[in-house]
Amino acid sequence: DTFISAKHGKTPISYPHESLKDLLDETYGIIVYQDQVLLILQSFAGYSLGEADTVRKAMGKKITSLMLQERERFIEGASTKGFDNTIAGEIFSLIEPFAGYAFNKAHSVSYALISYWTAYFKTHYPVEYMTSVLNSRLDNPDKVISAVNESSKLRIPVLLPDINRSEALFSIDNGNIEKPSIRFGLAAVKTIGEAAIRPIIEERKQKGPYSSLDDFCRRADLNGLNRRTMESLIKSGAFDHFGDRGSILESIDQILSTAQMHATMRNTGQTNMFDSMRDGEGVSSQSLGSILLSNTVISDQEKATWEREFLGSGISYNSTADLATIDINVGYTELSQLRDLPNDTQITLVGHISEINERYTREQKKF
């Protein structure tokens, strides 16, 4: 705050000692860079730069006995250069807590520049920016959830994975709704490897969207997708276009066996023969292994549970999302932010009950 006020001329610039004016002039009298600490130790107390860097490292480790020794040495060195012992003690106290966490100027400028860039992108290209953030965090599920929540705060819709619209990674989807959205990538679904879904995406790009589950089984290369990964795709909503998730999940054995049959036909050169028979000779789709779906319908809560398991967050049904927009001024806190807050901070959390367990104490009282 002192730095900002001095920069804008709201408060006068002051220096710990006038002899340090040249060192601290560019930062309005505030010690900002590690380099400044080293130069103060050198100019004020006669340290060599090598010795000053050793002291800086010691300050970072906060070894009390070592700091007492260095304080005495600093004051003694400052005294030989003609400075008052009291002033020397004050300046050492000023730099001591700072030295352990300060960056050098080169790093500070680099971080600042990246901060300006990303702030600009987030302001002017929020969808592109948040898509990039999500892709950069694929290997950290907690950070993916945080980025999804941040996208929601920015009013950017985050859409379920879709076998006909998703890329391997998070992508911008300008299709089904009015505003640009972020589409979950198929490789962002837990247990799904990028190599396994690349052939499926390439087939779709070359020959068009999959028109049905039968069409998917006929065309897609499922060699890299086992039962577990197919379940993950179904439960995460990637096949919602073809029916209810529960019904499709019940038919997973049909899907896998039908896909395997078509793969065998392709590998033995029978595909074209059966295609022509289907077109002209009355071969029924049932005889070629058509997928039959049941009438099973699962609840929104169940879908949300699956999405939290495989996507990290409930995307299609999130009861807290609506609650959190009731009063935007309340300032709701995410769980991921709690570790950064000091003790005794008053916060507001929004949640919903996802499960209830009834248990009994030793005295058989239910709780």
Side-chain angles (χ1 to χ4, degrees), residues 127-141 144 147-148 151 156-177 180-245 248-249 251-252 254-267 271 275 289 291 293 303 306-307 309-313 315-316:
V127 181
E128 290 84 350
Y129 174 74
M130 291 309 302
T131 303
S132 298
V133 169
L134 283 160
N135 283 327
S136 73
R137 296 178 172 183
L138 275 178
D139 59 348
N140 191 321
V144 167
V148 168
S151 299
I156 301 171
V158 179
L159 307 178
L160 291 171
D162 187 314
I163 204 70
N164 274 334
R165 301 191 69 86
S166 289
E167 301 293 335
L169 306 179
F170 287 92
S171 59
I172 298 172
D173 191 321
N174 294 304
N176 291 334
I177 59 178
S181 309
I182 299 175
R183 175 73 67 178
F184 248 89
L186 297 179
V189 179
K190 290 178 184 176
T191 79
I192 306 292
E194 189 174 342
I197 49 85
R198 282 288 181 192
I200 295 172
I201 294 173
E202 288 304 313
E203 166 69 22
R204 185 190 77 205
K205 288 183 176 179
Q206 291 176 17
K207 299 181 182 177
Y210 301 106
S211 59
S212 63
L213 280 173
D214 290 316
D215 187 44
F216 176 79
C217 292
R218 182 168 59 86
R219 293 166 50 196
D221 179 2
L222 300 189
N223 286 333
L225 291 178
N226 56 29
R227 182 187 181 89
R228 183 181 177 215
T229 53
M230 276 298 293
E231 281 185 359
S232 301
L233 285 173
I234 294 168
K235 287 184 173 181
S236 66
F239 292 97
D240 282 5
H241 185 70
F242 302 135
D244 187 86
R245 262 179 251 185
I248 296 173
L249 188 64
S251 302
I252 190 169
Q254 285 187 67
I255 294 170
L256 292 171
S257 61
T258 303
Q260 182 60 49
M261 181 192 70
H262 282 293
T264 302
M265 288 166 58
R266 281 196 301 271
N267 293 336
T271 306
D275 281 346
I291 309 298
L293 296 180
K303 290 178 183 178
W306 285 349
E307 288 164 20
E309 180 181 356
F310 293 102
L311 304 178
S313 180
I315 304 298
S316 64

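The figures that follow rest on heavy atoms only: side chains count, while hydrogens, waters and symmetry mates do not. Since the model is a prediction, treat every value here as computed from it, not as a measurement.
Scanning for side chain to side chain donor-acceptor pair (under 3.5 Å) contacts around Ser211 gives Asp215, with sequence neighbours left out. With sequence neighbours excluded, the residues satisfying ring pair (Phe, Tyr, Trp, His ring centres under 6.0 Å) with Phe216 are Tyr210, Phe239. Not counting sequence neighbours, Ser136 has no partner by the side chain to side chain contact (heavy atoms under 4.5 Å, CB included) test. Annotation: side chain to side chain contact (heavy atoms under 4.5 Å, CB included) contacts of Asp244 (sequence neighbours excluded): Ser247, Val297, Ile298, Lys303. By the salt bridge (Lys or Arg N to Asp or Glu O under 4.0 Å) test, Glu203 pairs with Arg219, sequence neighbours left out. Under the rule for a side chain to side chain contact (heavy atoms under 4.5 Å, CB included), the partners of Ala259 that lie at least two apart in sequence or sit in another chain are Cys217, Leu222. Contacts of Glu309 classified as side chain to side chain contact (heavy atoms under 4.5 Å, CB included), with partners at least two apart in sequence or in another chain: Trp306. Applying the salt bridge (Lys or Arg N to Asp or Glu O under 4.0 Å) test to Lys207 and every residue at least two apart in sequence or in another chain returns nothing. Ser151 is linked by a side chain to side chain donor-acceptor pair (under 3.5 Å) to nothing, counting only residues two or more places apart in sequence or in another chain. For Glu202, the salt bridge (Lys or Arg N to Asp or Glu O under 4.0 Å) criterion is met by no residue, not counting sequence neighbours. Arg198 is linked by a salt bridge (Lys or Arg N to Asp or Glu O under 4.0 Å) to Glu194, counting only residues two or more places apart in sequence or in another chain.
Counting only residues at least two apart or in different chains, salt bridge (Lys or Arg N to Asp or Glu O under 4.0 Å) contacts with residues 228-239 comprise Arg227-Glu231.
What you find for Pro161 and Val189 is that their closest heavy atoms are CG-CG2, 4.0 Å. Annotation for Leu186 and Ala238: closest pair CD2-CB, 4.3 Å, computed over non-hydrogen atoms. When all heavy atoms are compared, the tightest approach of Leu233 to Ser236 is O-OG, 3.0 Å. Nearest heavy atom pair, residue Ile197 against residue Ala168, reads CD1-CB, 3.6 Å. Residues Leu213 and Leu293 approach most closely at CD1-CD2, 3.9 Å, considering heavy atoms.
Judged by distance alone, with hydrogens and angles left aside, the side-chain atoms of Asn135 form no donor-acceptor pair with the main-chain N or O of Leu169 at under 3.5 Å. For Arg183 (side chain) and Arg165 (main-chain N/O), no donor-acceptor pair under 3.5 Å exists by modelled atom type. With Ser166 contributing its side chain and Phe184 its backbone, the two residues share a donor-acceptor pair below 3.5 Å. With hydrogens and angles disregarded, no donor-acceptor distance shorter than 3.5 Å links the side chain of Thr258 to the backbone of Ile255.
In this model, no donor atom of one side chain and acceptor atom of the other lie less than 3.5 Å apart for Glu307 and Ser313. Defined by atom type and a distance below 3.5 Å, a donor-acceptor pair is present between the side-chain atoms of Ser232 and Thr191.
For the atom pair OG (Ser316) and CG (Leu160), the distance works out to 5.0 Å, reported to the nearest 0.5 Å.
With a 4.5 Å cut-off on side-chain heavy atoms, Ile248 and Asp240 do not count as touching. Looking at heavy atoms from C-beta onward, Tyr129 lies out of side-chain contact with Ile156 at the 4.5 angstrom threshold. No side-chain heavy atom of Ile172 sits less than 4.5 Å from a side-chain heavy atom of Ile182.
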Go through it in stages, so that I can follow the logic: the residues are Val144 and Phe170, the test is side chain to side chain contact (heavy atoms under 4.5 Å, CB included), and I'd like the CA-CA distance, side-chain angles, deciding distance and then a yes or no. CA-CA 11 Å; Val144 167; Phe170 287 92; 4.2 Å; yes

